Amino acid sequence: MPSRLSENDQTSSINESHPLLATKLFIPPFRPAMVSRQRLVGKLADAASDKSAILVSAPAGFGKTTLVSEWLAGNITPTAWLSLDKGDNEPSLFINYLIAALQKIDANINKASTSILRSPQPPPITTLLINLINDISVIPVDFVLVLDDYHLIDNQQIHKIIMFLLEHQPQQMHLVIVTRSDPPLALARLRSQNQLVEIRSADLCFTTEETACFVNDISGFDLAENEVAVLESLTEGWIAGLQLAVLSMHDQDNFSDFIKSFTGHDRYVADYFIEVVLNRQPEKVQNFLLQTSILKRLSGSLCDAVCDRQSSQELLNQLEETNQFIFPLDNERHWFRYHQLFADLLRNLLNRTQAGIIADLHRRACDWYEANGFMDEALDHAFISEDFEQAAQIVEKRIETVWEHGAHTKLLNWLTLLPEQSVYSRPLLCVYHAWVLMAKGQPQLAEENLVVAEELLGLTSVEKDVSSDTGKRLDEDSKRNLQGKIAAIRAIMVAFKGDIPSIIQRARYALKYLPGESLTWRSMAGIALGDAHSLSGDAIAAGNAYSEALAASQAANNIYLIQIANIKLAVNHRVRGQLLQMIDICQQQIKLADKIGLSQTPMVGMAYSMWGEVLAEMNDPRDSFLYVNKGADLCEQGHDVTMLSWSYLCLLRVLFIRGDTARASKVIRKMEKTASESYVPPWVVNLIEARKAQLYLMEDDLDAATRWAEQRQLKYDDEPTVMREAEYMMLARVLTAREQFAEAEKLLTRVLPDAKTFERITRVIEVLILRALALQKNGTSNEAVSDIAEALSIAEPHGYVNIFVDQGPAVANLLEKALSAKEHGESQKDAGFSASYVKKVLFCFKVKQPPQIDDDLMETLSKREVEVLALIAAGYSNQGVADKLFVSLNTVRTHTKHINAKLNVHSRTQAVVKAKEMGIL
Amino acid sequence: MTKSQFQQSAQFYRIRLKGHLDKKWSDWFDDMNICHDGANSILTGPLVDQAALHGVLIKIRDLNLTLLSVKRIERDHSSCDDAKISHEPE
């Protein structure tokens, strides 16, 4: 299997993040030649039919896995199995494996959401979990999900994922956790709710009958009752101990000798028997067992390489037939593993008897894994044998891929295991180290790594030392590539600080040096560049940067970055007045998310919100209200406060157009609360402030608006920055309302040229309308009409409508004047707009009506129906609502049918919107 | 970590297990000293930090050994003889 080294491989799949994935998902077969444990199988079956979760918790060698596989063998319920190991302590990988396991039940589950995890900036896990649970809840059949060896998980986030699954467990799913020690989950809560069935060591211990069955029926001895009792007391029902004991008995005639040899001392039974078992094997087999005990998984070819021998495959097959301690990991008997306890015992013996060769064994295992493309496994062995040179080389080859998968924990773990000198002598490792440190919020340490990388590349004036050799060793292309990456990381780091000129400089530098095939990096640098241009007000340059970033992320097939670039580009189109293009992008975003099975995320919410807001601008009130509400709902489910605030801003615009100041004021309070509790970027806070002022003006509270402007320290002779422009628009309105017309005019005139030069079309139109109002009221009517005419001529081709209506009835008056001037041929700029367009806008002033509220409806919805509706609004699936209210799925469906009929809507989403509109929710 | 750093930060522990564990298991348990007291085994020695202690406890679990007690001790009392004669409740 070839290893994957290139950073822009398009055919990435989950298999590549774990080439042995199939062995992790393999359900261990139940062999009929085992003791059947019907009493426990019955308990498992009952638990499953009660829809309780199952915890099988006992130390090694109590037959946990065997029990679960016996139950599954006699059970027709489809099963997803995931055998965990230490390397799975990475939330994004864990979710990947979980989805891969569930796809065995239903191939359509989260069709491509694994691809969204494949990102250096993965989305919040809860987003994926909500989608996953929604997907599971529509699976038409019951199924079992087994997580084996859960004790190997020590990552808190993964425990949270499992707790989330337990709490939101869809009815179809029966979760089974198999572990050596109790997981740190809220087990007490589950117990008290009767949602957990436990099988523990006391249950799993062999009874006298089971011991007899194992010794006599299965192992072919014919021991008397008292002899069985001796064995039982010796092993205390511990199955692995009994198995070892039986394997170490020559024949039963010597049973009493055998017992004698053991009694009289209190030796740890396993330790004693393993030596006897091993001594009974030919020397070649002994060596094979000892030397292969260092391997987590065994294949014929791997064992040949590690033990320097041939035909290991035959020996493995033979061991499986005769020995109880080796298990197949696939149907082809290609991969096996030892029982972990057995491997531990053997490894301890190896330590004692052949300690000198252990490093060699690991080295050979490492070489075999590397040659066969199993890089993570190769690394494990390189680290154990402390062959750091080889480890560092493998990490260098793997780091790009692992980074692209967002496996930061793993990456950091590798870099920590390597000696400092190994990392600080390799610029590539320093660069990725810097990325991870930056992502962890340690920019200073990140910067230190970047400086080291630059020194190694010979990019600084530091005196030549060892480092310059490294610089020479790299070819020019690799050097430029790394320079580009260093600049990209710096651009993203300064973006946190909002230092616009530095972002632009570094991002440009990054894009200049990053090679065309570094698509993911180019996309991120492009987005940083676009953001910097947006904040500085250059909408044209921002649009270009975002478009390039979008193209790069599409070429990289990086779903996460495509969605981010889409959102940024949509905002950019809105600023530049490209309203139809913006709708197009929002629709693409929604379609893309649907295709990959992730339709319930804030990214999709943003698309709905922006689509709804622009429809409101173009005066399509019906759909716009539906979409902004849906968008806000989706963003509320996520954790991204910037996206949430943005969706509220869209909602507010629509509420303002509808004249619903009561709800608008509630939304503003929510936004302020969010901004006080979490970090919301200052430019978003400024937008929230501007909407607050708009609300005061709508409520004719001029005093409050004036106080607001003072508090915000806005003055008419300031030089408004782009980041605060929206606030200055409000100041202009306040000034006009306070009859300070000249000041308003001056302020607006100052904003106009910059907005025109950099194509901030929406702002240009707004400024022209506001200036027309100030001029009109100041008695300079001709100039006012000229401004309005210019605003109309710019607005018409793009389809703006409500931007005029927003500014109040005085604008209607101006529009009529402009229309009449045009019709009488008086206007200088008559070619700019059509009479029909002005009439259309004027019509919108007339039809603007307050929302209709049907008070009767509130009473017709029953209390239960309101409860159901509230849960739906909170994002629960029908199944989720049923679980919450302790009713059946059918009952919930009946409720929703009634709700839809009463509200005269056709879907759950519409029902929620309507209910919110009517103030029921 | 250098040897002297290890000596500075290490704490001594005494871990009591049921059954006789062969002394040859010592290096499996971070080189803790293994001795026997009646039917039990006692692991004594320095462990660098809590993570190392938990590592030892996990190994005990993984071998299905029965854990009777864990106690942090002064290094003066770290020899096995002390463990045998002292019958303090643990």
Side-chain angles (χ1 to χ4, degrees), chain A residues 57-64 86 149 151-154 179-182 184 201 204-205 233-244 262-275 293 338-355 358 419-420, chain B residues 1-6 9 13-45 47-70 80-81 83-84 87 90:
Chain A
S57 182
F62 273 97
K64 301 181 291 292
K86 268 191 185 147
D149 285 336
H151 57 271
L152 295 174
I153 296 300
D154 55 19
T179 178
R180 287 187 187 179
S181 46
D182 286 8
S201 47
L204 286 159
C205 274
S233 75
L234 196 64
T235 56
E236 298 175 337
W238 184 35
I239 300 170
L242 184 68
Q243 280 178 319
L244 279 167
F262 193 80
T263 43
H265 55 81
D266 296 296
R267 276 193 75 179
Y268 170 49
V269 286
D271 201 16
Y272 175 77
F273 288 133
I274 190 77
E275 285 176 28
S293 70
Y338 289 127
H339 189 283
Q340 283 150 15
L341 176 86
F342 187 65
D344 281 352
L345 296 168
L346 287 174
R347 244 175 330 127
N348 181 49
L349 278 178
L350 177 71
N351 268 342
R352 286 186 221 161
T353 55
Q354 306 181 24
I358 293 177
E420 269 184 23
Chain B
M1 176 169 290
T2 64
K3 201 169 178 182
S4 68
Q5 277 173 317
F6 176 84
S9 61
Y13 289 91
R14 183 186 297 148
I15 300 172
R16 194 178 284 268
L17 305 173
K18 196 174 149 196
H20 272 197
L21 187 65
D22 195 287
K23 295 189 180 187
K24 291 173 203 152
W25 281 90
S26 174
D27 60 351
W28 192 262
F29 291 101
D30 285 16
D31 281 332
M32 289 180 95
N33 193 8
I34 298 176
C35 58
H36 302 129
D37 174 20
N40 299 333
S41 302
I42 294 160
L43 275 53
T44 333
L47 291 170
V48 66
D49 55 16
Q50 287 289 303
L53 173 63
H54 283 286
V56 168
L57 295 180
I58 283 173
K59 284 176 184 166
I60 290 170
R61 175 198 72 188
D62 286 350
L63 292 174
N64 189 37
L65 293 161
T66 304
L67 180 64
L68 297 175
S69 69
V70 180
C80 271
D81 293 339
K84 271 187 216 168
H87 291 288
E90 288 180 84

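Since the model is a prediction, treat every value here as computed from it, not as a measurement. Numbered from 1 within each chain, the chains take letters A, B, ... in sequence-line order.
Of the two parts of B/K59, neither the backbone nor the side chain holds a non-hydrogen atom closer than 4.5 Å to a non-hydrogen atom of chain A. Heavy-atom distances place the side chain of B/D27, and not its backbone, under 4.5 Å from chain A. Of the two parts of A/L345, the backbone and the side chain both hold a non-hydrogen atom closer than 4.5 Å to a non-hydrogen atom of chain B. At a 4.5 Å heavy-atom cutoff, the contact between A/R352 and chain B is made by side-chain atoms alone.
Atom-to-atom distance recorded for B/I42:CD1 and B/R16:CZ is 4.0 Å, nearest 0.5 angstrom. Atom CZ of residue A/R180 and atom CG of residue B/D62 lie 4.0 Å apart, to the nearest 0.5 angstrom. Interatomic distance, CG of B/L53 versus CD1 of B/I15, reported as 5.5 Å (0.5 Å rounding).
Between A/F62 and A/W238, the angle of the ring planes lies from 30° to 60°, which puts this pair in the tilted group.
For the options A/D271, A/N348, A/L341, heavy-atom pairs under 4.5 Å to chain B are most numerous at A/N348. Per-residue counts of heavy-atom pairs under 4.5 Å with chain B were compared for A/A270, A/S181, A/G61; the largest is that of A/S181.
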Between A/D344 and A/R347, is the salt bridge (Lys or Arg N to Asp or Glu O under 4.0 Å) condition met? List the steps. CA-CA 5 Å; A/D344 281 352; A/R347 244 175 330 127; 2.7 Å; yes
